[in-house]
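Along the sequence shown, residues carry numbers from 1.
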Amino acid sequence: MLLAGVAGLNLAGWWLDARRRPKNSARLAVGLAMLLLASIAASPGAGLGFRPFWSSLRTGLEHWSALAAVVEALASPRGQLVLLGLLFAANEANLIIRAVFDWLRLKPQVRPGGAGAPEIDVGEYNRGRVIGLLERALLYGFVLQGQYGAIGFVLAAKAFTRFRALDDRPFAEYVLIGTLLSACLALAAGTAVKWLLR
């Protein structure tokens, strides 16, 4: 059932991407539907458990490596919750940010050769995505550890590296909205996971 649902949602996502111009909202909807489907399929009521391979891997690692504790921690419900929060902060938050950029028509643009209609600066857009992913992963980890001072350091470092480029008002708005939205989503994910771990 889960496999059929994931395959169906991927086909629906492909179809929506082909039909719609702002693609990120369709990807976000499909991602959230997959998360909901996976949470229902992996619920205790479904009676699913880890495959025997994982327990034998842990046993083998206990004898030959110090990584058994890491595997056991990641396989625990608390470890899975932390990983789920990290996945949301890294991937789904990126889809939310891109959907907002589509909605506000705020993608970074460049004029080819100094004239003509502006085109999306794909290089800047992709660099911003990677920077945002790293920023959200760091902020998420800092919230879980209660290191709130380090959050300000990460945001200040990001602002410092973009200082000269902020003279261009549209680019400054793109960076500011992206940074604030990215930080809010990472802080929300970290706070929610921290609250659930209590």
For residues 185-198, tabulate all N or O donor-acceptor pairs below 3.5 Å that involve a side-chain atom, not counting sequence neighbours.
| from | atom 1 | to | atom 2 | distance (Å) |
| --- | --- | --- | --- | --- |
| T191 | OG1 | L187 | O | 2.7 |
| K194 | NZ | V143 | O | 3.4 |
| K194 | NZ | Y148 | OH | 3.3 |

Sequence neighbours excluded, every pair satisfying salt bridge (Lys or Arg N to Asp or Glu O under 4.0 Å) that has a member inside residues 132-152: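 Sorted pair list: E135-K158.
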So if you build clusters from Ile, Leu, Val, Met, Phe, Trp, Tyr with side-chain heavy-atom gaps below 4.5 Å, do [X] and [Y] land together?
X: V175; Y: V154; result: no
X: Y140; Y: L133; result: no
X: L81; Y: L139; result: no
X: F142; Y: L155; result: yes

In a table with atom names and distances, give each donor-acceptor pair under 3.5 Å that connects a side chain of residues 82-93 to protein atoms at least two apart or in another chain.
none

Separation of L138 CG from F153 CZ (nearest 0.5 Å):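 If I round to the nearest 0.5 Å, the distance is 10.5 Å.
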Nearest-0.5 Å distance, CG of residue L134 to OG of residue S182: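 Interatomic distance, L134 CG to S182 OG, rounded to 0.5 Å: 10.0 Å.
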Non-hydrogen side-chain atoms of I177 and F101 separated by less than 4.5 Å: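 Answer yes - side chains close enough.
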